[in-house]
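These notes are about the structure you will find just below.
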There are 2 protein chains.
Amino acid sequence: MDMSCSIKLSFKKQMLRTREDAIVRTVHRLLCEKGFDAMTVDEVAAGVGIAKASLYKHFPSKEDLAAAAMVGVMRQAQAFVKAVPAELAPLDKLRRVTRWTLELQLAGDMPTLPSHNSSLRAVLMASKDYMDGLLEVSDVLGGWIEQAQSAGQINPQLPAIAVLYTLFARACDPVLEFLKLGGQHTDAQIADMVLGTCFDGLNARS
Amino acid sequence: MDMSCSIKLSFKKQMLRTREDAIVRTVHRLLCEKGFDAMTVDEVAAGVGIAKASLYKHFPSKEDLAAAAMVGVMRQAQAFVKAVPAELAPLDKLRRVTRWTLELQLAGDMPTLPSHNSSLRAVLMASKDYMDGLLEVSDVLGGWIEQAQSAGQINPQLPAIAVLYTLFARACDPVLEFLKLGGQHTDAQIADMVLGTCFDGLNARS
DNA sequence: GTCTATAATCAGATAGAC
DNA sequence: GTCTATCTGATTATAGAC
């Protein structure tokens, strides 16, 4: 008897979800194109094709808009990490994930956030979805790092956390952008150089 | 006969110079503490102890304030590079300069600018003092890089410009900040780790 | 050149009708 | 939930007296 009602509700929910997906996609695109600071809420509204006030019915602040987009990025990362072939050596797993972040940036598909914005950090850290993803990715990578160190593939004298941060930092490495602007190398060459520098260093191998 | 006049002028100029030095010092401090975006012109005026309108008699814009501070940083860099002992191996010269930038950051003495701000970039690139310093530092480092590559100390397969960018990027490496926040290591240890990772890579040496 | 006071602008967020 | 219209606060920059 109330089937029509439940169908209506589900339909409404689906519409809501679709609308919010459209918002998040626009936010993601703008974060990739110009970064958090340069992105305005007006632009987001215009990009989605709705009024700014409507945006605020879905997300309470600009920071929450960005956080929603970052949850999507983190989900992508979780999916990629899970799909890394288990039979690879730990070092090769780390290289694959790192290369993936480099390629995302080179393709213009990596959002850039200001690392010193405290209100943004607060919202990100208050997001359970984001933090769960970040922690899971960190755990998996951390395990690979320790395995690689035990196997003598990664310098065992480095604290694992330092290795983890160094890999995370590749996801916003300004070297990529500068080399790309130079126009002297293909994206693949740039990725190879930065990946090589990260793992092998600048020194010539002895 | 007009000696008193020329003395007065010189005195005035000296006062002007002193005042502008005070402004630049305050700007430098605020750029180190909070970065360009978070720094407001009101804060600069309050820090110097003068009215905001007076600031604008000395510098035409916020960007020019930052540029003046960056000229000072660039002069420091030029002086440091010049003082590197000529008898060192090229690789060791590069390591010294890189370590110096790491220590500046760890000491909280490195200004942070938003790399995507176009108006700021325009003002910086229009500053002859800044660009001259940047070019000279780049030239000297570039020479050392090529020497180190010829001597087989730095990977000769890497384009020199990629090496240069990689070293410049250490001057704003977020890994330093994260490791410092962790509180598990001293500044010296952090500098050692990042310097080692930069030149030797994450891999265990074969 | 320095000040007080104010302009001008921009962007995040909200009120209230529908 | 969506809209138009507006508020609010922050911030860069300037006018004009002294």
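In what follows, chains are A, B, ... by sequence order, proteins preceding strands, each numbered from 1. When reading the values below, keep in mind they use all heavy atoms of this one structure, side chains included, and skip hydrogens, waters and symmetry mates.
Listed by first then second residue, pairs satisfying salt bridge (Lys or Arg N to Asp or Glu O under 4.0 Å) with a partner in residues 105-120 of chain B number zero, not counting sequence neighbours. Contacts classified as salt bridge (Lys or Arg N to Asp or Glu O under 4.0 Å) and involving residues 112-123 of chain B (residues at least two apart or in different chains) are not found. Sorted by first then second residue, the ring-ring contact (aromatic ring centres under 6.0 Å, His included) pairs that include residues 159-200 of chain B, not counting sequence neighbours, are A:Y165-B:F178, A:F178-B:Y165. Counting only residues at least two apart or in different chains, ring-ring contact (aromatic ring centres under 6.0 Å, His included) contacts with residues 47-76 of chain B are absent. Residue pairs meeting the side-chain hydrogen bond (donor to acceptor under 3.5 Å, both in side chains) criterion with at least one member in residues 64-76 of chain B, sequence neighbours excluded, are B:S61-B:D64. The ring-ring contact (aromatic ring centres under 6.0 Å, His included) pairs that include a residue from residues 112-137 of chain A number zero, where partners must be two or more places apart or lie in different chains. Legend: salt bridge (Lys or Arg N to Asp or Glu O under 4.0 Å) pairs involving residues 166-191 of chain A, not counting sequence neighbours, sorted by first then second residue: A:R170-A:D173, A:K180-A:D187.
Between A:D37 and B:S54, the residue whose closest nucleotide on DNA chain C is further toward the 5' end is B:S54.
With sequence neighbours excluded, no residue forms a ring-ring contact (aromatic ring centres under 6.0 Å, His included) with A:F36. Taking A:D192 as the reference, A:R99 meet the side chain to side chain donor-acceptor pair (under 3.5 Å) condition, with sequence neighbours excluded.
Rounded to whole Å, atom P of C:dT4 lies 14 Å from atom NZ of B:K57.
Using a cut-off of 4.0 Å between Lys/Arg side-chain N and Asp/Glu carboxylate O, B:K82 and B:E136 are scored as salt-bridged.
A:M15 comes within contact range of no nucleotide atom at all, as no heavy-atom separation falls under 4.0 Å.
The stretch residues 17-35 of chain A has no heavy atom under 4.0 angstrom from DNA chain C at all.
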Report each atom pair, protein N/O against N/O of nucleotides 13-15 of chain C, whose distance is under 3.5 angstrom.
from, atom 1, to, atom 2, distance (Å)
C:dA13, OP2, A:Y56, OH, 2.8
C:dA13, OP2, A:K62, N, 3.0
C:dA13, N6, A:K52, NZ, 2.9

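With a cutoff of under 4.0 Å to any heavy atom of chain A, the contacted region of DNA chain D is bounded 5' to 3' by D:dG1 to D:dT4.
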